[in-house]
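A, B, ... follow the sequence lines: proteins, then strands. Residue 1 opens every chain. Worth saying up front: this structure is predicted, and the values here are computed from it rather than measured.
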Amino acid sequence: MAEKKLVEAITSMEEDFAQWYTDVVKKAELIDYTSVKGCMVIRPAGYAIWELIQKQLDDMFKETGVQNAYLPMFIPESLLQKEKDHVEGFAPEVAWVTHGGQQELQERLCVRPTSETLFCDYYKNVVQSYRDLPQVLNQWCSVVRWEKETRPFLRSREFLWQEGHTAHATAEDAEARTLQMLNVYAEFLEKVLAIPVIKGQKTEKERFAGAVATYTVEALMHDGKALQSGTSHNFGDGFAKAFGIQFADRDNKLKYVHQTSWGVSTRMIGGLIMVHSDNSGLVLPPKVAPVQVMIIPIQQRKEGVLEKAAELEEMLKDFRVKVDDSDKSPGWKFSEQEMRGIPLRIEVGPKDIEAGKCVICRRDTREKTEVPFAELVGKVKELLERMQTEMLERARAHRDSHTYVAKDYEEFKRIFGEKTGFVKAMWCGCQDCEDKIKEELSVTSRCMPFEQEQLSDVCVCCGKPAKKMVYWGRAY
RNA sequence: CGGCGCGUGGCUCAGCUUGGUAGAGCGCUGCGUUCGGGACGCAGAGGUCGCAGGUUCAAAUCCUGUCGCGCCGACCA
């Protein structure tokens with residue numbers, strides 16, 4: 001049976017994907033616009049998702065020895081300019097503070113677009129000996145990048161994120177940490193957000209400003225576009241040299257530290273929406289659903305109905321559960337539950353109470369199950385777990401069925417002309433080919449995956465000997 | 001920064017061409033009837049029409065300027 005469209009207020013994704021996205025975000029009450037372009041109110045429903053992300057990710061960080069800290073929001077211009085590539089990368093989009101009250105500042109301050117320079121300035125002071133290493137710090141904060149085009153969660157001028165910054169005694173330690181954090185991101189995205197990712201390295205063209213290597217986790221959205229969902233950078237000793245971060249090693253020689261940084265942002269919430277949601281609204285994986293179960297009483301004014309609903313709520317208190325006892329009609333409540341992406345809905349009315357059971361309806365499949373009250377807790381647990389796994393499986397199946405292989409440029413062009421998704425193709429390693437592909441097809445290299453395949457011996461673009469297999473795609 | 005579109009109750013918009021008492025639907029408040037996929041009746045509240053000039057007896061409407069927002073490009077998480 002075709003999917004029944006129940007909510008007229010949401011534009012269908014087939015009709016207009018961008019509008020669908022905006023509708024879902026608004027209807028689920030995740031954000032509200034404000035009078036400043038690109039600056040969003042993250043409403044309670046949206047912020048609760050972020051809190052669940054933060055909590056689970058923060059736990060994973062700490063298991064690897066990360067400590068949290070907080071550094072200032074302002075960076076003096078002179079500090080920002082110490083690392084040349086870095087400042088060139090970010091200068092076009094920084095916001096500046098020029099006045100304190102009425103008085104013009106002697107040195108203007110940039111609102112952090114990222115905090116490498118501040119961490120460097122700090123590490124320069126606290127790192128003296130190899131005994132002070134490694135430094136493994138993270139901060140949860142907001143950063144500002146003055147984007148021209150903005151979209152809720154995907155690209156806002158101020159956004160929430162975490163940025164980890166580490167300093168190590170050796171290049172090997174720094175590289176190991178860079179990859180370790182990338183793996184944490186990949187695991188988090190798959191296990192918690194149910195978003196499958198491709199792990200790999202960015203090409204030189206797509207690398208972070210000032211990094212020697214940038215690793216990424218790339219996800220495929222429902223419309224076939226790619227979303228860079230998390231990055232981890234190895235800076236080598238470039239920043240250390242620019243900022244003078246040196247330590248005395250065991251051999252009593254003065255050496256520069258090797259650094260990394262890694263971050264994910266509220267952008268992941270945008271990914272969550274574009275991977276799982278449907279034409280009825282938001283669909284959330286249970287692990288990041290602020291409300292996992294909504295109990296909807298039917299004919300709630302009849303004696304015993306609300307009492308039963310409260311009883312079920314108490315039985316389910318180990319889950320994030322709520323009762324919708326507002327005086328809206330049941331149909332309204334069903335639609336609300338769906339727009340807000342609440343994984344499970346329990347319907348309970350006089351008929352059920354008499355029969356000693358209730359109805360559970362899954363958000364993702366809309367599958368309804370009748371469950372005796374005595375089996376409710378076990379069934380809810382089972383359904384939430386199943387939903388979490390099946391959402392990942394479905395997303396993976398979608399990604400795999402939208403991943404293509406191209407062996408020559410004609411095929412490459414034809415695929416991007418006809419389809420949307422990832423295309424795996426060989427690459428010679430030169431930026432000219434990347435530029436040409438971007439120019440002609442608006443397609444960029446997403447990453448050189450860790451899992452390499454030898455699809456052919458020559459570059460898909462120029463025909464010269466190939467160095468790497470690359471995932472290509474159109475990106476958000 | 002270029003292209004397109006839009007600023008009128010909380011929301012979506014009509015009214016503007018041709019100047020003349022600010023409208024509708026939804027939402028909101030109260031009361032009553034309803035309740036297994038966005039129920040209904042009755043009674044209410046709510047707007048200096050983005051902002052600033054100008055034209056006019058009279059401006060949401062015409063003119064000039066300005067600010068802001070959304071979408072699409074280029075650039076970027």
| query | What's the verdict on side-chain contact (heavy atoms from CB on, under 4.5 Å) for A/Phe188 and A/Tyr185, showing C-alpha distance, side-chain angles and the deciding distance? | reply | CA-CA 5 Å; A/Phe188 174 78; A/Tyr185 290 154; 5.7 Å; no
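For A/Arg345 and A/Phe334, the positive end sits near the middle of the six-membered ring, less than 6.0 Å away and at most 45° from its axis. Because its NZ or CZ atom is both nearer than 6.0 Å to the ring centre of A/Tyr409 and within 45° of the ring axis, A/Lys436 counts as a cation-pi partner of that residue. Geometrically, A/Lys199 does not engage A/Phe450 in a cation-pi contact, judged by NZ or CZ lying under 6.0 Å from the ring centre and within 45° of the ring axis.
Going from atom NZ of A/Lys333 over to atom C1' of B/C35 covers 8 Å, rounded to whole Å. One atom, CZ of A/Arg155, and another, P of B/G70, lie 14 Å apart when rounded to the nearest Å. Rounding to whole angstrom units, OH of residue A/Tyr21 and C1' of B/C71 are separated by 14 Å. As rounded to whole Å, 10 Å separates atom C1' of B/C72 from atom NZ of A/Lys225.
In the set B/C71, B/A39, B/G37, the nucleotide with an atom closest to the side chain of A/Arg345 is B/G37. For A/Val359, whose side chain is taken as the heavy atoms from C-beta onward, the closest listed nucleotide among B/G37, B/G36, B/C76 is B/G36. Checking B/C71, B/G27, B/G36 against every side-chain atom of A/Ile298, the shortest atom distance belongs to B/G36. Checking B/C28, B/G36, B/U34 against the side-chain heavy atoms of A/Arg301 singles out B/U34 as nearest. With B/C1, B/C76, B/G70 as the candidates, the nucleotide lying closest to the side chain of A/Tyr33 is B/G70. When distances are taken from the side chain of A/Glu147 to each of B/G36, B/C76, B/C35, the shortest belongs to B/C76. Closest approach to the A/Arg366 side chain among B/G27, B/C71, B/G37 is made by B/G37 (side chain taken as heavy atoms from C-beta onward). Considering only side-chain atoms of A/Ser442, the nucleotide from B/G36, B/A74, B/C72 that sits closest is B/A74.
In this structure, CD in A/Gln56 is found 12.5 Å from NZ in A/Lys191, a value given to the nearest 0.5 Å.
At the heavy-atom level, A/Lys351 lies under 4.0 Å from base atoms of the strands shown. A/Glu347 comes within 4.0 angstrom of a nucleotide base, judged by non-hydrogen atoms across all strands. Residue contacts for A/Lys438: at a heavy-atom cut-off of 4.0 Å it reaches the sugar-phosphate backbone alone, with no base atom in range. Counting non-hydrogen atoms under 4.0 angstrom, A/Glu336 reaches a base of the nucleic acid. A/Asp352 comes within contact range of at least one nucleobase, with a heavy-atom separation under 4.0 Å. A/Leu154 comes within 4.0 angstrom of a nucleotide base, judged by non-hydrogen atoms across all strands. A/Thr444 comes within 4.0 angstrom of no nucleic acid atom, judged by non-hydrogen atoms across all strands.
Applying the 4.0 Å criterion to OP1 and OP2 of B/A39, one finds that A/Ser329 has a side-chain N or O inside that range. Side-chain N/O atoms of A/Lys357 include none lying less than 4.0 angstrom from OP1 or OP2 on B/G36. Contact annotation: A/Thr150 side-chain N/O to B/G70 OP1/OP2 distance is under 4.0 Å.
No hydrogens or angles were tested; on distance alone, nothing pairs the side chain of A/Arg145 with the base of B/C76 as donor and acceptor under 3.5 Å. Not a single donor-acceptor pair, N or O on each side, falls under 3.5 Å between the base of B/G70 and the side chain of A/Arg151. Counting atom types as modelled, A/Glu149 pairs no side-chain N or O with a base atom of B/G73 as donor and acceptor under 3.5 Å.
In this structure, B/G27 makes no Watson-Crick or G-U wobble pair, since no nucleotide meets both defining distances under 3.5 angstrom. Within the shown strands, B/C63 is the pairing partner of B/G53 under the Watson-Crick or G-U definition, both distances less than 3.5 Å. In this structure, B/G2 and B/C72 make a Watson-Crick or G-U wobble pair, each of the two defining distances being under 3.5 angstrom. Shown here, B/G32 forms a base pair with B/C40; the pair counts as Watson-Crick or G-U wobble because both key distances fall under 3.5 Å. Using Watson-Crick or G-U wobble geometry with both donor-acceptor distances under 3.5 Å, B/A58 finds no partner in any strand shown.
Ring geometry, A/Phe208 versus A/His86: the interplanar angle falls from 30° to 60°, so the pair is classed tilted.
Around CD of A/Glu204, the count of heavy atoms belonging to other residues, nucleotides or ligands within 6.0 Å does not exceed 12.
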